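What you are looking at is a predicted structure, and each value in this text was computed from that prediction instead of being measured.
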Amino acid sequence: QVQLVESGGGLVQAGGSLRLSCAASGRAFSNYAMAWFRQAPGKERDFVAALGWSGTGTNYGDSVKGRFTISRDNTKNMGYLQMNNLKAEDTAVYYCAARFGMGPNSSRSLYNYWGQGTQVTVSS
C-alpha cells in the first residue's frame with residue numbers, strides 16, 4: 001500500500017504560479033508511476049500529468065502542456081507539480097495518484113492509490 005498526501009494548494013491570481021507536493025509513504029515509491037488529476041465542481045476528474053517510476057517518461061493533458069511540469073524525488077518519496085501561468089479554468093481540487101508500474105499512463109482507472117486532494121483557486 002502507498003499513502004499519498006498532497007499540499008501546496010491555495011489562492012493565486014491568474015498568471016501566477018503554485019507548486020504542489022505529494023508526500024508518499026508505505027511501499028517503495030520508486031516502484032510506482034505517479035500522476036496528478038484534477039476535479040472542478042460538477043465535472044469529472046481529469047488527467048493533468050503523469051511521470052514514470054524512474055522519473056523519465058512524462059505525459060501531459062493538452063490543457064496544461066507548456067505550463068505545468070511534473071517531477072519526483074524518489075530519495076525523498078516526493079512528487080511535485082509546478083504550475084505556471086495559471087488560468088481561472090485551472091481552478092479545481094488536485095489529486096496525486098500512484099500505480100504499481102513504470103509507465104506514465106493517463107487513464108484514471110489504472111491508478112490504485114489516491115491522496116485526499118488539495119484545492120487550487122485561480123482568480124481572474
Side-chain angles (χ1 to χ4, degrees):
Q1 292 247 353
V2 174
Q3 293 79 44
L4 304 171
V5 178
E6 303 95 336
S7 61
L11 174 65
V12 64
Q13 288 188 332
S17 298
L18 278 177
R19 188 194 196 202
L20 304 183
S21 297
C22 175
S25 60
R27 294 185 180 270
F29 187 51
S30 57
N31 291 334
Y32 293 76
M34 65 165 293
W36 291 90
F37 291 78
R38 67 186 182 187
Q39 188 167 18
K43 295 189 176 182
E44 295 287 320
R45 190 171 297 189
D46 290 332
F47 172 72
V48 175
L51 181 62
W53 63 8
S54 65
T56 59
T58 57
N59 191 359
Y60 291 94
D62 288 340
S63 62
V64 307
K65 284 180 182 176
R67 299 189 298 124
F68 291 11
T69 303
I70 188 171
S71 63
R72 66 192 297 165
D73 184 344
N74 287 339
T75 65
K76 297 181 179 179
N77 286 345
M78 294 293 296
Y80 305 98
L81 184 68
Q82 178 67 43
M83 305 185 294
N84 297 329
N85 190 21
L86 283 160
K87 304 175 181 180
E89 51 263 42
D90 294 319
T91 295
V93 177
Y94 283 71
Y95 296 91
C96 178
R99 58 181 286 268
F100 185 78
M102 62 179 175
N105 203 287
S106 63
S107 176
R108 184 180 63 190
S109 63
L110 294 179
Y111 288 85
N112 311 95
Y113 304 101
W114 294 83
Q116 83 289 349
T118 185
Q119 176 70 46
V120 172
T121 302
V122 184
S123 63
S124 57

Taking only residues two or more places apart in sequence, or in another chain, which ones meet R67 in a side-chain hydrogen bond (donor to acceptor under 3.5 Å, both in side chains)?
D90
Measure the spacing between CG of D46 and CG of D62 and express it to the nearest 0.5 Å.
11.5 Å
S71: which residues meet the side-chain hydrogen bond (donor to acceptor under 3.5 Å, both in side chains) condition with it, sequence neighbours left out?
none
Looking only at heavy atoms, what is the nearest atom pair of A98 and Y32, with distance?
CB-CB, 4.2 Å
With sequence neighbours left out, write down each residue that passes side-chain hydrogen bond (donor to acceptor under 3.5 Å, both in side chains) with K43, or none if nothing qualifies.
none
With side-chain hydrogen bond (donor to acceptor under 3.5 Å, both in side chains) as the rule and sequence neighbours excluded, what pairs involving residues 97-107 come up?
S107-S109
If you link ILVMFWY side chains whenever their heavy atoms are less than 4.5 Å apart, which other residues fall into the same cluster as W53? By chain and number, please.
M102
Partners of R108 by salt bridge (Lys or Arg N to Asp or Glu O under 4.0 Å), sequence neighbours excluded?
E44
Which pair of heavy atoms, one from G52 and one from R72, lies closest together, and at what distance?
O-NH1, 3.0 Å
Please list all pairs passing the disulfide bond (SG atoms under 2.5 Å apart) test where one or both residues lie in residues 21-124, with sequence neighbours left out.
C22-C96
Provide the closest heavy-atom pair for T91 versus A40 in the form atom of the first, atom of the second, distance.
O-CB, 3.8 Å
Pairs satisfying ring pair (Phe, Tyr, Trp, His ring centres under 6.0 Å), at least one member in residues 54-80, at least two apart
none
Can you list every salt bridge (charged side-chain N to carboxylate O under 4.0 Å, His left out) pair that touches residues 76-89, not counting sequence neighbours?
none
Tell me every residue that passes side chain to side chain contact (heavy atoms under 4.5 Å, CB included) with V120, counting only those two or more places apart in sequence or in another chain.
L18, L20, M83, Y94, V122
Pairs where residues 110-122 contributes a residue and the test salt bridge (charged side-chain N to carboxylate O under 4.0 Å, His left out) is met, not counting sequence neighbours:
none
Tightest non-hydrogen contact, residues E6 and Y95, listed as OE2-CA, 3.3 Å
Of the non-hydrogen atoms in F29 and A24, which two are nearest, and what is the gap between them?
CD1-CB, 3.5 Å
Closest non-hydrogen atom pair between S17 and N84, with its separation
OG-OD1, 3.0 Å
Hey, mind stepping through V64 and R38 against side-chain contact (heavy atoms from CB on, under 4.5 Å) and telling me if it holds?
CA-CA 11 Å; V64 307; R38 67 186 182 187; 4.0 Å; yes
Nearest 0.5 Å, what's the CD-CG distance between Q3 and N77?
11.0 Å
Which residues pass the side-chain hydrogen bond (donor to acceptor under 3.5 Å, both in side chains) test with S7, sequence neighbours left out?
none
How are the rings of F37 and W114 set to each other: parallel, tilted or perpendicular (split at 30° and 60°)?
tilted
